[in-house]
> 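Below are the structure tokens for one structure; questions will follow.
Quantities reported herein were computed from a predicted structural model and do not represent experimental measurements. Here is the naming used below: chain letters follow the sequence lines, and residue numbers restart at 1 for every chain.
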Protein chains: 2
Amino acid sequence: MDAPKLTTSLELVRWIGWAQMRAGEDWVRERELSHAQSFVLGYLVQKPGASQRDIAEVSRTSAASVSSLLQGLERRELVERRSEDGNERTKRVYATVAGAELIAGFEAAMAAVDETILAPLDESERAALHALLTKITGQLAQPTR
Amino acid sequence: MDAPKLTTSLELVRWIGWAQMRAGEDWVRERELSHAQSFVLGYLVQKPGASQRDIAEVSRTSAASVSSLLQGLERRELVERRSEDGNERTKRVYATVAGAELIAGFEAAMAAVDETILAPLDESERAALHALLTKITGQLAQPTR
DNA sequence: CGTTGACAGTTAGACCTCTAACGATTAGGG
DNA sequence: CCCTAATCGTTAGAGGTCTAACTGTCAACG
């Protein structure tokens, strides 16, 4: 999706964010992962043992989608589900070694994309941009971790 | 989708862009439009008479999706398709008055969201942000119009 | 205890988007 | 002219996400 006019700052933000997303999606596509799957896998690397409930909340998707999405990841042995703590109702989900390695590759690719996008700015400009963006995001609802 | 850590500038950009998109999606959802439909309708308001080919290219979606997407918009009388210029192969698409009104409401809503997001910045900060973002986007592939 | 209500996860069915294959129309070169 | 190739749009089938309804588990309270 292109931004239509690119006049206001936030149209520019939309455009940049979209360019990032497209690059990331290209990367995961080549590995036959969906955007949602890569996000969930990334979350599991940072939060091993998260419940499906947690995953649904953080990725702002439905519990039903998480269920089928994890089925796919489990089939490819990127993820494991177990019941623990004598709790048969909740399932804890863990990324496997293969899953963690995949995510490491993804994050490296995204960092490279970010570097490309920021290339036109020098150090002081980057610092200024970061300060302005931080000021904006401070006002928005914080992400859940 | 939340951004995971929010440390780098581009993670912040992702986060802001995502907040915008979510707000926009809420708005169109209430009107029973998909994100893709609202985008296409918006494009048609700016480019009356675009071909389906054009629409697919600009919205970076498949011609097949455009086809069924326009069927939905046509059923709701937000859009019209006609063949013109003695050309029976290409169909030209136009937003109806109702369609244009819907988009006007959408854009007003998005402008309000943007204002809320930018609220923490004063005039000079906004100018600085705009300059930095322009410098970045100048390097990226320009949108197709 | 036993019942009732809340909670975690799965399944069923609808919708939307995609890729691939297909008609139909147009343009261009012998 | 006509044959070929390219272009525009549609249809068919697969895959993914959503909502709603369901099963199974836990907790609380009489």
> Identify, with sequence neighbours excluded, every residue that meets salt bridge (Lys or Arg N to Asp or Glu O under 4.0 Å) alongside A:Arg89.
none
> Could you work out, with salt bridge (Lys or Arg N to Asp or Glu O under 4.0 Å) as the rule, every residue matching A:Glu77, not counting sequence neighbours?
none
> Once salt bridge (Lys or Arg N to Asp or Glu O under 4.0 Å) is applied, do any residues pair with B:Glu125, and if so which ones, sequence neighbours excluded?
A:Lys135
> Is atom CD of B:Glu32 surrounded by more than 12 heavy atoms (other residues, nucleotides or ligands) closer than 6.0 Å?
no
> Give every pair of a protein N or O atom and an N or O atom of nucleotides 16-19 of chain D that lie under 3.5 Å apart, one pair per line with the distance.
from: D:dC18; atom 1: OP1; to: A:Thr61; atom 2: OG1; distance (Å): 3.2
from: D:dC18; atom 1: OP2; to: A:Thr61; atom 2: OG1; distance (Å): 2.4
from: D:dC18; atom 1: OP2; to: A:Ser62; atom 2: N; distance (Å): 3.4
from: D:dC18; atom 1: OP2; to: A:Ser62; atom 2: OG; distance (Å): 3.3
from: D:dC18; atom 1: OP2; to: A:Ser65; atom 2: OG; distance (Å): 2.2

> Quick one: list whatever passes side-chain hydrogen bond (donor to acceptor under 3.5 Å, both in side chains) with A:Glu115, sequence neighbours left out.
A:Arg126
> So, using side-chain hydrogen bond (donor to acceptor under 3.5 Å, both in side chains) as the criterion, who are the partners of B:Arg81 when residues are at least two apart?
B:Gln52, B:Glu74
> Near DNA chain D, under 4.0 Å by heavy atom, which residues of residues 71-81 of chain B?
B:Gln71, B:Arg81
> Among all residues two or more places apart in sequence or in another chain, which pass the side-chain hydrogen bond (donor to acceptor under 3.5 Å, both in side chains) test with B:Ser62?
B:Ser65
> I'd like the 5' and 3' limits of the part of DNA chain C contacted by chain B, with heavy-atom contacts below 4.0 Å.
C:dT17 to C:dT26
> With sequence neighbours left out, what residues match A:Glu80 under side-chain hydrogen bond (donor to acceptor under 3.5 Å, both in side chains)?
A:Arg82
> Might you list the N or O atoms of the protein lying below 3.5 Å from N or O atoms in nucleotides 6-8 of chain D, with each pair's distance?
from: D:dT7; atom 1: O2; to: B:Arg89; atom 2: NH1; distance (Å): 2.7
from: D:dC8; atom 1: OP2; to: B:Arg53; atom 2: NE; distance (Å): 2.9

> Ignoring hydrogens and geometry, is there a side-chain-to-backbone donor-acceptor pair from B:Glu84 to B:Arg92 under 3.5 Å?
no
> How many Å lie between CG on A:Asn87 and P on D:dT25, as a whole number?
11 Å
> Is it true that a side-chain atom of B:Thr134 and a backbone atom of B:His130 form a donor plus acceptor pair closer than 3.5 Å?
yes
> A side-chain contact here means heavy atoms from C-beta on lying under 4.5 Å apart; do B:Leu41 and B:Ser38 qualify?
no
> Tell me, please, which residues at least two apart from B:Arg53 pass salt bridge (Lys or Arg N to Asp or Glu O under 4.0 Å).
none
